[in-house]
Protein chains: 2
Amino acid sequence: MFAMAKQAGRRLADDIVMTLKKEVADGHYPAGSRLPTEAALCERFGVSRATVRSALKELHVLGLVRTQQGAGTFVTPRPTVHDGLERMGSITDSIRSSGKEPGHEYGRRTLRQVLPDEAERMEAPTDTEVIELRRRITADGDVVAYSYDLIPLSLFPPRFDPDELSGSIFAYFENALGLRPTLGLAKVHAVTSSHIAWGPDAAKHRLFILLDQLHYDQTHRLLAYSKTYFVEGAYEFELVRTSK
Amino acid sequence: MFAMAKQAGRRLADDIVMTLKKEVADGHYPAGSRLPTEAALCERFGVSRATVRSALKELHVLGLVRTQQGAGTFVTPRPTVHDGLERMGSITDSIRSSGKEPGHEYGRRTLRQVLPDEAERMEAPTDTEVIELRRRITADGDVVAYSYDLIPLSLFPPRFDPDELSGSIFAYFENALGLRPTLGLAKVHAVTSSHIAWGPDAAKHRLFILLDQLHYDQTHRLLAYSKTYFVEGAYEFELVRTSK
DNA sequence: GACCCCTAGTTGTCTGACAACGTCTGCGAA
DNA sequence: TTCGCAGACGTTGTCAGACAACTAGGGGTC
């Protein structure tokens with residue numbers, strides 16, 4: 001039989017989803033191939049058909065499989081594409097997955113009140129206190145982005161020392177604060193400006209893609225408001241668009 | 001009872017999903033409020049609980065609701081956000097949903113072979129014949145984007161007259177050819193160039209966001225390769241990023 | 001007021017059955 | 001042999017009823 005480590009609070013169907021997701025990703029079921037029948041999956045996982053169908057429904061909504069009445073459930077053929085910008089994730093990870101070594105150089109860390117336009121975008125009171133970070137993000141030593149991040153002071157523990165913040169902000173959120181950004185609302189702009197870049201290579205960088213983004217966790221609490229200026233040409237900006 | 005127009009090939013659960021989605025969007029069930037119980041929804045839609053659960057599962061995976069065993073199903077509080085760039089859809093629709101009137105002005109329509117770099121990006125033979133379209137897309141009369149679209153000639157019926165193509169390409173695909181673009185792979189760039197814009201306002205447009213995009217249908221057939229240059233500032237470029 | 005227990009209500013899972021639909025087999029006709 | 005068709009069979013979609021797991025709320029006790 002199938003003994004799965006069952007985490008507290010998790011539903012049976014979730015385990016099946018995770019297992020099948022992994023097997024599809026690992027090529028156990030190639031694109032276009034047919035998954036085992038619902039009855040076979042029932043037997044394998046030791047659950048009822050209702051539970052298997054719940055799991056398959058999730059895979060269907062996620063676009064991983066396509067079901068056809070009378071025929072079976074098939075793995076959706078997908079171009080081999082790593083996740084794009086539509087997936088929440090740290091820039092650090094995406095640089096690393098492209099085979100380069102990410103780096104962070106921190107500029108000023110400031111404690112201040114939000115500006116009026118920032119408050120409006122964040123839908124926060126105008127007296128909200130935030131920590132402002134200025135960073136340069138590098139890949140194999142080359143600057144790929146300049147980032148200006150605002151993080152509400154209320155997220156941090158009392159007696160917090162801003163200098164603890166280094167490296168990836170996502171990693172800090174997760175490891176030090178136990179917060180996981182799961183939703184980002186971004187606006188994309190093209191920008192030419194000589195006031196964004198700083199540091200030794202600043203003069204070379206004039207054309208940017210601006211990702212003006214609000215980060216939330218699963219409870220829709222605002223974690224950060226960041227403006228990240230990607231140096232045009234230095235960072236491959238990919239996006240997978242899907243229909244509903 | 002509830003008599004719903006049932007489209008061919010659609011499942012019962014899909015109708016329920018659409019109805020509930022709309023009602024949530026219309027504020028019929030405010031954020032955080034509890035949806036009717038599964039039993040109540042069964043009665044309302046005249047279906048079994050299995051079908052209702054299938055529909056609710058879809059809403060759950062889509063992040064619209066949260067279910068809690070023993071308590072009920074609740075509408076997820078969400079920032080009010082319309083779909084962003086991560087959703088496949090025509091620019092025309094997105095302009096219309098922002099309350100403006102979309103328009104299309106067609107420039108040259110050309111029948112030609114693909115260029116080498118185009119063939120590489122399209123993963124197509126170098127002797128592929130395509131129809132090239134040049135369009136200006138407008139909102140309330142103002143140019144918001146210049147688009148250069150390549151569509152494989154093989155998609156068109158024999159004795160095709162390029163002049164039939166007008167208005168939204170997506171609409172033409174769907175209505176005239178029965179094709180539905182469901183997947184887009186895009187790269188995003190910032191571009192400054194004086195060679196992109198054409199027409200009366202060309203001189204005003206120098207800074208663009210380029211969406212360099214391959215369009216596929218559900219069978220993963222390439223429908224089009226388009227380079228759309230959005231005039232910076234004229235089009236609000238939004239993106240909803242989610243985690244897996 | 002604070003705490004515990006019990007109960008009614010709701011979602012999660014199980015079982016069994018039939019309907020709707022796709023696929024394949026095998027037979028007969030050309 | 002080849003082609004077309006009918007029917008059997010397999011698979012997913014839906015239905016019905018039941019019980020398990022869990023939550024929220026009420027009432028009682030201290």
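Proteins come first, then strands; the chains are lettered A, B, ... in the order of their sequence lines, and each starts at number 1.
Using a 4.0 Å heavy-atom distance criterion, A/Thr73 is classed as a sugar-phosphate-only contact.
Crowding of B/Gln113 atom CD: a count of heavy atoms from other residues, nucleotides or ligands under 6.0 Å exceeding 12.
Checked for salt-bridge contact, B/Lys227 and B/Glu132 miss the test: no charged N lies under 4.0 Å from a carboxylate O.
In this structure, the side chains of A/Arg121 and A/Leu214 come closer than 4.5 Å at one or more pairs of heavy atoms. Counting heavy atoms from C-beta outward, A/Leu150 and A/Arg112 have side chains that approach closer than 4.5 Å. Within the 4.5 Å cutoff, the side chain of B/Pro181 has heavy atoms near those of the B/Phe170 side chain.
Panel note: side chain B/Thr76, backbone B/Leu64; a donor-acceptor pair is recorded below 3.5 Å. Checking side-chain atoms of B/Glu58 against main-chain N and O of B/Ala55 turns up no donor-acceptor pair under 3.5 Å.
Put simply, B/Thr51 has no side-chain N or O that comes within less than 4.0 Å of OP1 or OP2 on D/dG13. A close approach under 4.0 Å does occur between a side-chain nitrogen or oxygen of B/Thr67 and OP1 or OP2 of C/dG12. In this structure, B/Arg53 reaches the C/dG12 phosphate: one of its side-chain N or O atoms is under 4.0 Å from OP1 or OP2.
Relative to the side chain of B/Leu12, the nucleotides C/dC14, C/dG22, D/dC15 differ in distance, and D/dC15 lies closest. Distance from the side chain of B/Ser48 is smallest to D/dA16 among D/dA16, C/dT11, C/dG22. Closest to the A/Ala50 side chain, of the nucleotides D/dG13, C/dC14, C/dT11, is C/dC14.
B/Phe230 pairs with exactly one of B/Ile137, B/Leu211, B/Val188 by the side-chain contact (heavy atoms from CB on, under 4.5 Å) rule, that one being B/Leu211.
To the nearest angstrom, C1' of D/dC15 lies 13 Å from CD1 of B/Ile16. Separating the CZ atom of B/Phe45 from the P atom of D/dA16 is a distance of 16 Å, rounded to the nearest angstrom. Distance CG (B/Leu56) to P (D/dT14): 14 Å, rounded to an integer number of Å. Residue B/Asp14 contributes atom CG, which lies 14 Å from atom C1' of D/dT12 at whole-angstrom precision. Rounded to an integer number of Å, the gap from CD of B/Glu38 to C1' of D/dA18 is 15 Å. To the nearest angstrom, P of C/dT10 lies 16 Å from CZ of B/Arg66. The interatomic distance linking A/Lys57 (NZ) with C/dT13 (P) rounds to 16 Å, in whole Å. Distance A/Leu41 CG to D/dG10 C1': 15 Å, rounded to the nearest Å.
DNA chain C is contacted by both B/Gln68 and A/Val52; B/Gln68 maps to the nucleotide lying nearer its 5′ end (nearest heavy atom per residue).
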Query - Paired and unpaired positions of DNA chain D as dot-bracket, Watson-Crick or G-U wobble under 3.5 Å, | denoting a partner strand - result: ||||||||||||||||||||||||||||||

Atom pairs, protein N/O to nucleotides 3-9 of chain C N/O, distance under 3.5 Å:
| unit_1 | atom_1 | unit_2 | atom_2 | d |
| --- | --- | --- | --- | --- |
| C/dG9 | N2 | B/Gly70 | O | 3.0 |

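For B/Tyr235 and B/Phe237, the distance between ring centers is under 6.0 angstrom.
Applying the side-chain hydrogen bond (donor to acceptor under 3.5 Å, both in side chains) test to A/Gln68 and every residue at least two apart in sequence or in another chain returns nothing.
Judged by atom type and distance alone, A/Arg49 does not reach the base of C/dG16 through any side-chain donor-acceptor pair under 3.5 Å.
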